[in-house]
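Worksheet for the structure shown next.
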Amino acid sequence: MATKIINGKEVAFHLREELKRKVYELKAKKGITPGLVTILVGDDPASQIYVKNKKKACEKIGIYSEICQLDASTVEGELLERIRRFNNNPQVHGILVQLPLPKHISAEKIIEAISPQKDVDGFHPFNVGKLLVKKTMAEILKSEIFIPCTPYGIIELLNFSGIQMKGAEAVIVGRSNIVGKPLAYLLLAEDATVTICHSQTKNLAEITKRADILVAALGKPEIITGKMVKEGAVVIDVGMNRLAVGLVGDVNFNSVIEKVRAITPVPGGVGPMTITMLLLNTVKAAKWSAGL
Ligand code: GUN
């Protein structure tokens with residue numbers, strides 16, 4: 001079977017070119033420069049790379065971007081106060097608090113403190129709830145809801161690759177608030193039949209083998225192997241495991257490649273899409289804040 005490698009970099013490039021034009025227009029016609037603040041607490045090396053990459057991507061398409069770097073010992077109250085100030089700053093359209101946070105800070109409390117209108121991650125309960133009650137993707141896109149970036153990027157990749165979601169059996173491995181759960185809502189809105197598996201799932205391989213679309217988002221290097229995948233399936237690998245050999249996904253690429261119809265590589269698959277959808281959400285935030 002000829003396998004299609006889904007090129008996330010290429011799709012991301014096209015979307016970013018389109019966004020660059022939109023940002024230019026917003027500036028030229030409305031005098032608005034979209035602005036994103038990323039807050040990083042502590043010095044986790046992976047988080048530092050992600051935050052820097054986000055800033056670079058913003059600058060490349062004309063979005064104003066600022067990193068608010070705070071010491072690992074920052075107390076919750078200080079972080080809440082910073083968020084309050086960014087909430088009240090009209091030049092800041094999007095606020096992102098990089099996760100994970102140090103253990104002494106409640107991520108739930110912090111996420112709830114971000115204005116839902118600036119929650120470009122789509123993690124605030126207001127946006128999560130809104131997403132959940134919408135029935136179709138058209139309804140979601142019509143309303144002023146922020147869609148979490150990684151799941152949104154996956155839906156865009158599937159669309160660009162011409163992969164039918166309607167009626168497909170989709171299996172997601174991983175139930176995180178960042179990927180697994182919101183992706184389930186989006187795939188449901190696209191009329192897929194959705195199953196979420198997790199660490200306590202019995203007979204995982206039996207379930208993953210049913211999938212027309214299999215999404216690996218559990219954060220364990222190369223755990224999904226050829227034996228767990230149906231012939232002709234589409235495999236989306238969300239894994240970003242930094243090992244001594246380099247960046248490795250949750251899927252054992254070489255063992256599934258002969259069986260699948262299409263697959264996202266790591267790196268160069270889902271990763272570039274996540275940042276792209278953050279840029280898109282920031283542009284949306286700027287437009288919505290101006291009533292556009
Ligand atoms: N950490 C890993 N992924 C993400 C993400 O999408 N948003 C935030 N805020 N933190 C993350």
Side-chain angles (χ1 to χ4, degrees), residues 8 12 36-58 63 65-70 72 74 79-80 82-83 86-87 92-103 105-116 118-128 131 145-157 172 174-186 215-221 236-242 247-250 264 266-267 269-282 284-285:
L36 173 73
V37 166
T38 304
I39 305 175
L40 175 60
V41 186
D43 45 20
D44 174 65
S47 290
Q48 283 193 332
I49 294 172
Y50 296 145
V51 163
K52 276 190 195 141
N53 286 344
K54 285 168 187 169
K55 186 170 194 289
K56 261 195 246 162
C58 280
I63 293 177
S65 170
E66 192 179 308
I67 298 174
C68 174
Q69 168 77 63
L70 301 173
T74 303
L79 183 51
L80 288 170
R82 298 271 185 157
I83 291 170
F86 290 132
N87 280 343
V92 175
H93 303 102
I95 303 169
L96 180 148
V97 177
Q98 187 66 30
L99 302 175
L101 284 165
K103 286 198 173 61
I105 298 177
S106 158
E108 200 175 332
K109 210 166 163 183
I110 296 304
I111 289 166
E112 284 181 24
I114 298 170
S115 160
K118 298 193 178 190
D119 168 40
V120 283
D121 255 330
F123 294 166
H124 191 287
F126 176 87
N127 285 308
V128 176
L131 189 70
I145 304 173
F146 291 109
I147 307 171
C149 303
T150 301
Y152 195 1
I154 291 171
I155 297 291
E156 286 292 287
L157 269 187
I172 303 165
R175 56 174 153 179
S176 72
N177 290 335
I178 297 180
V179 184
K181 283 193 258 181
L183 180 60
Y185 302 143
L186 294 180
V215 181
L218 64 163
K220 293 219 164 83
I236 304 292
D237 190 350
V238 186
M240 296 255 267
N241 308 289
R242 286 176 197 280
L247 198 61
V248 166
D250 290 348
T264 60
V266 176
V270 174
M273 291 302 289
T274 297
I275 298 191
T276 304
M277 304 330 276
L278 173 67
L279 303 176
L280 177 72
N281 280 350
T282 305
K284 280 184 178 177

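Below, each value reflects all heavy atoms present in this structure, side chains not excepted, and no hydrogens, waters or symmetry copies. Counting starts at 1 for both ligands and their atoms, following the listed order.
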Worksheet entry | Residue selection (non-hydrogen contact nearest atom 9 (N) of ligand 1) among Leu99, Thr150, Asp121, Val179 | Asp121
Worksheet item: In ligand 1, which numbered atoms sit nearer than 4.0 Å to a non-hydrogen atom of Leu96?
Response: 9 (N)
Worksheet item: What protein heavy atom sits nearest atom 4 (C) of ligand 1, and how far away is it?
Response: Ile178 CD1, 4.1 Å
Item to complete: Please round to the nearest 0.5 Å and tell me the distance separating atom CD1 of Ile154 and atom OG1 of Thr274.
Response: 7.0 Å
Item to complete: Check His124 against Ile114 and note the closest heavy-atom contact, atom names and distance.
Response: CD2-O, 3.1 Å
Discussion item. As an exercise, identify every atom of ligand 1 less than 4.0 angstrom from a heavy atom of Val97.
Written reply: 8 (C), 9 (N)
Worksheet item: Does Leu218 offer a backbone N or O that forms a donor-acceptor pair with the side chain of Asp250 under 3.5 Å?
Response: yes
Worksheet item: Are any side-chain N or O atoms of His93 and backbone N or O atoms of Thr282, one a donor and one an acceptor, separated by less than 3.5 Å?
Response: no
Discussion item. To check your reading of the model: name the closest protein heavy atom to atom 11 (C) of ligand 1, its residue, and the distance in Å.
Written reply: Gln98 NE2, 3.5 Å
Fill in: Asn87 (side chain) donor-acceptor with Ser115 (main chain) under 3.5 angstrom
yes
Discussion item. Can you tell me if Tyr50 contacts ligand 1 (heavy atom of the residue under 4.0 Å from the ligand)?
Written reply: no
